[in-house]
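Treat the numbers as computed from the prediction; the structure is a model and nothing was measured.
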Amino acid sequence: MSVMNYRKGTGAETSWIIEETSFHEKYTGKCESIFTQGNGYLGLRNSLEERYVDTVRGMFITGTFNKASKEEATELPNVSDIVNMEIELNGERFSMTEDNLKEYSRTLNLYTGETCRNVLWEGKNGNVVQLSFHRFVSYKNVHVIGAYVEIKPVNCDVKATVVSGINAQVTNNGAQHLTEVSKRAFDEKYLQMGMVTTESEVVIAVSTVHDVFLDGEKTEETAYKIVDDRRKIHAKIQLDIPKGETARVEKISTVHSSRDLEYTGSGKEPDKETVYANGLENLKEAECKGYRTLLQESREVWEAIWKKQDIVIDSREDDAQVAVRFALYHLQIMVRKEDNRVGIGAKALSGEGYKGHSFWDTETFIFPYFQMAEPEVARTLLEFRYKGLYGARKKAKENGYKGAMYPWEAAWISDGEVTPYITGVNVHTGEPLICLTGVIEQHITSDIIFALWQYYTATGDQDFMDRYGYEMIIETARFWNSRLEWIEENNRYEIRDVIGPDEYKEHVDNNAYTNYMAHENMRLAAQVIACIRDEKKDIYGKMQKLMQEEGTSLEQLEEELKDKMKKLYLPQPDEKTGIIPQFDGYFDLKEIDLSVYKNASVVGTVFHDYSGEDVQKMQAGKQADIVELLYQMEDITTPDNKAKNYVYYEARTLHDSSLSKAIHSITACDLGMEKEAYEMFMSAALTDLGQEMKSSDAGIHSANMGGVWQDVVMGFGGVRIHDGHLRIRPNCPKQWEKFTYPIYWKGNKLDVTVCKDGVEVINEGTAFMAEIMGQMVTVEKGKNEFLA
């Protein structure tokens, strides 16, 4: 019997409910991650109330970083545990095993963001008790978390004890990030812990309150005791529950920090007492409303989101619909939409994996969703990268280059590179394990600019370009201008000693993806320098002054860019095979049969048989590399060569990264490879959702959520930005009758429906020109139909 069930919902809830149908203690991490709740400010892993050996509790505040020590990397700290409830029923600790569970169901409602766990439990003494646990993180008041447990004895009276509160004894894999500053109980019921991060000195206030209800009526007639411990404060609640009646312990919590947006207008961070006082005040207001009202307020925000963002699939494949909504749900809770000081972590706010750092994942995989569906959020994400120019310039200088060299991993905007150089030790030799991505995986710089230009083309946001965009493009091009190496014997510029998207290949020369993307970055810079010289003289003057401070000029940079672009080596398809070499010498690498590793249920199995050095010498890739390039820059070769490259490289790609299959699906769509496209899509869509129960322990794969959206909209939906205009060339899967997705183009809200015989576009804005079904057409305001 499957553990995960995607067809729980019926009626109005069809394809909105994800269910865990049975409990296994060794698999707790799966649903802790995929059932994560949040609002972009808070992320709360859905760990169970009672403790189990492998439980990893996590609550994270976006954009809050700290170093546990000078030797460790900056990371997103685990704030505290406000989920834990230890329950005793007639003297027996409530805990689930296969022997004492008579019924079990745990669900996440994607439409409302609420989780529910229903358990029929039988104790060793034969007592049978029904327990129901509910929880949500508010999207209305982003500081609020609501939870409750209902306890209903079935065949006996029950004396119940519930111990619940705030536990700041949590760590990040053993690293302690918080110092306890204060611990208070107000009015003998409101509990609060004040903490500060050990290095970055961010003040955090976590507050909570419990209320008890018997058969729906609030009661004060319970034994209630406050229990204090180091980094911990709890309430001990004792209840007498008659057979057949229901007791409910409701817990409302708030989380505040000194970095909250509410404080940004003051020009300085608030003192700790202000943060504590605001947290307590918010808690009291939330308690007055109660769980149901707070949930309804949050639900109304979610309803507005779904009304605007839902993708509706008419399909015989129910799993496709729920999987797409699962991706949209996580895309909605992974970023604080109004806060340009924060990025998106590789695990979003669902776990400690990758320390909460932002990678190229954001711009390449997640950003296209926000660009086309929520352009105001896309701008916020690009403003975060603009603020990161300080750290990018710092990194370029430290590495002997000019301009701005974006960090492979980013945390605080002023940090620069935060990729750990040493990630561990070889226990056999004692030698350190070196991570080179922060040093030589450099394509992220041009990835950011590629995303920036796509955004500008899709939105026409001139204000962004004037304030930020031109400077970002020019500064990153200055990096590439200083990064290129003139190779005399080849009579050309090259980019040597890099890591491309395929991270199983280190220290390679002329990685095709890196070279082409760098060339595009430089081309855009030369274009915008000419533009601002003629049309934006104030911006030109600002940038000229910056150049002159470093002993050069925009005119000199423009000439150098034009010269070097002509001479930069861009790997071309082999004349006989049509295959573009992934990097110099790729075709000389050893070929082996990868099928056993490609079909494995877990990633990295190739390293069971081969060392990293062995894999370096094989035609065996971690993820899409050339295929990624052909998706992003489709015009660099012919459609026939594109197909040849897809077939060649897919056979040599292990898909050991969650970033890989979504991109292969889109490219297969472009090539008319319907079967391969859908198989890759469903495999990507089930990366976290699927029946593999250890796939997501460290957190969800946030980039894959964006990849799944791209599969539907850019792949099957056929949306692309091409030659400055919107293009729609859909490929409706045979498994679907039709599907509808929303996008924005130049400020116009579009609802696009793809069916077997054509496309319908409802345009809520003004008329514009687009390429649809291979023809340039006018998309008028209102309903437009285009037949195949």
Side-chain angles (χ1 to χ4, degrees), residues 38-44 57-66 76-84 137-138 140-147 164-171 176-211 224-236 250-290 294 336 339 341-342 349:
N39 49 37
Y41 169 75
L42 278 178
L44 183 67
R57 299 177 181 274
M59 182 168 70
F60 308 97
I61 302 174
T62 188
T64 300
F65 292 97
N66 189 68
L76 187 70
N78 188 355
V79 174
S80 66
D81 175 15
I82 54 87
V83 168
N84 182 227
V137 175
S138 176
K140 174 70 173 180
N141 183 336
V142 297
H143 302 284
V144 169
I145 300 166
S164 171
I166 307 165
N167 180 0
Q169 295 177 353
V170 297
T171 66
Q176 178 64 55
H177 286 282
L178 300 171
T179 298
E180 178 186 325
V181 176
S182 72
K183 186 163 48 186
R184 293 284 305 277
F186 300 89
D187 302 329
E188 297 301 313
K189 63 180 299 188
Y190 301 103
L191 310 181
Q192 185 179 78
M193 285 197 66
M195 296 159 280
V196 63
T197 54
T198 57
E199 176 258 347
S200 56
E201 298 183 340
V202 176
V203 176
I204 298 170
V206 180
S207 313
T208 196
V209 64
H210 302 82
D211 289 306
Y224 187 98
K225 181 181 179 182
I226 296 172
V227 181
D228 174 26
D229 200 352
R230 187 179 184 186
R231 300 178 184 268
K232 191 174 182 180
I233 185 168
H234 281 72
K236 184 176 182 180
E250 188 169 289
K251 181 178 184 179
I252 307 297
S253 305
T254 60
V255 182
H256 289 250
S257 91
S258 56
R259 292 195 78 250
D260 292 350
L261 272 178
E262 296 90 324
Y263 302 124
T264 56
S266 64
K268 62 178 182 179
E269 289 192 353
D271 60 63
K272 61 181 183 295
E273 295 302 330
T274 300
V275 179
Y276 302 160
N278 289 343
L280 182 61
E281 179 183 7
N282 195 7
L283 177 67
K284 290 180 177 180
E285 292 174 356
E287 183 202 19
C288 289
K289 293 181 177 181
L294 293 168
R336 185 76 193 274
D339 195 345
R341 304 168 301 163
V342 302
L349 296 171

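One finds a salt bridge joining Asp339 and Arg341 here, because a Lys/Arg side-chain nitrogen approaches an Asp/Glu carboxylate oxygen to under 4.0 Å. The pair Glu188-Lys225 fails the salt-bridge criterion, with no side-chain N (NZ, NE, NH1 or NH2) lying under 4.0 Å from an Asp/Glu carboxylate O. Salt bridge status for Asp211 with Lys189: present, with a side-chain N to carboxylate O gap under 4.0 Å.
Closest non-hydrogen pair, Gln192 versus Gly279, comes out as NE2-C, 4.2 Å. Considering every non-hydrogen atom in both Ala168 and Ser80, the closest pair reads CA-CB, 4.0 Å. For Gly63 against Arg259, the heavy-atom pair with the smallest separation is O-NH1, 2.7 Å. The two residues Lys251 and Ile82 have their closest heavy-atom pair at NZ-O, 2.6 Å. Across all non-hydrogen atoms, the minimal contact from Leu349 to Gly40 is CD1-O, 3.8 Å. Closest of all the heavy-atom pairs between Lys183 and Arg231 is NZ-N, 3.8 Å.
The distance from the CE atom of Met193 to the OG atom of Ser182 is 7.5 Å, given to the nearest 0.5 Å. How far OG1 of Thr208 is from CD1 of Ile233: 10.5 Å, rounded to the nearest 0.5 Å. Distance check, rounded to the nearest 0.5 Å: CD of Glu262 to OG1 of Thr274 gives 12.5 Å. Within the model, atoms CG of Leu42 and OG1 of Thr62 stand 9.5 Å from one another, a figure rounded to the nearest 0.5 Å. Between the CD atom in Glu250 and the CG atom in Leu294 there is a gap of 8.0 Å [rounded to 0.5 Å]. The distance from the CD1 atom of Ile145 to the OG atom of Ser138 is 10.0 Å, given to the nearest 0.5 Å.
Inter-residue side-chain proximity for Val203 and Ser257 is flagged as unmet; no heavy-atom pair is nearer than 4.5 Å. With contacts defined as side-chain heavy-atom distances shorter than 4.5 Å, the pair Asn167/His234 qualifies.
In terms of modelled atom types and a separation under 3.5 Å, the side chain of Ser200 and the main chain of Thr197 share no donor-acceptor contact. Under a 3.5 Å cut-off, the side chain of Asp81 and the backbone N or O of Val83 do form a donor-acceptor pair. The closest donor-acceptor contact from the side chain of Asn78 to the backbone of Phe60 lies at 3.5 Å or more, if one exists at all. Checking side-chain atoms of Ser207 against main-chain N and O of Ser253 turns up no donor-acceptor pair under 3.5 Å. A donor-acceptor pair under 3.5 Å is formed between the side chain of Gln176 and the backbone N or O of Leu178.
Lys272 and Ser258 are not linked by any side-chain donor-acceptor pair at a separation below 3.5 angstrom, with hydrogens and angles left out of the test. Asn282 and His256 share a donor-acceptor pair across their side chains, judged by distance under 3.5 Å alone.
When each of Lys284, Glu287, His210 is checked for a side chain to side chain donor-acceptor pair (under 3.5 Å) with Tyr190, only Glu287 meets the rule. The only option from Thr254, Val79, Leu191, Leu283 that meets the side chain to side chain contact (heavy atoms under 4.5 Å, CB included) definition with Val206 turns out to be Val79.
Listed by chain and residue number, His143 satisfy the ring-ring contact (aromatic ring centres under 6.0 Å, His included) test with Tyr41 (two or more places apart in sequence, or in another chain).
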Any chance you could lay out the side chain to side chain contact (heavy atoms under 4.5 Å, CB included) test for Ile204 and Val196, step after step, and finish with the verdict?
CA-CA 6 Å; Ile204 298 170; Val196 63; over 6 Å; no
Applying side chain to side chain donor-acceptor pair (under 3.5 Å) to Tyr276 and Asp271, what does each step give before you reach the verdict?
CA-CA 9 Å; Tyr276 302 160; Asp271 60 63; over 6 Å; no
Show your working on side chain to side chain donor-acceptor pair (under 3.5 Å) between Ser164 and Asn84 and close with a plain yes or no.
CA-CA 6 Å; Ser164 171; Asn84 182 227; over 6 Å; no
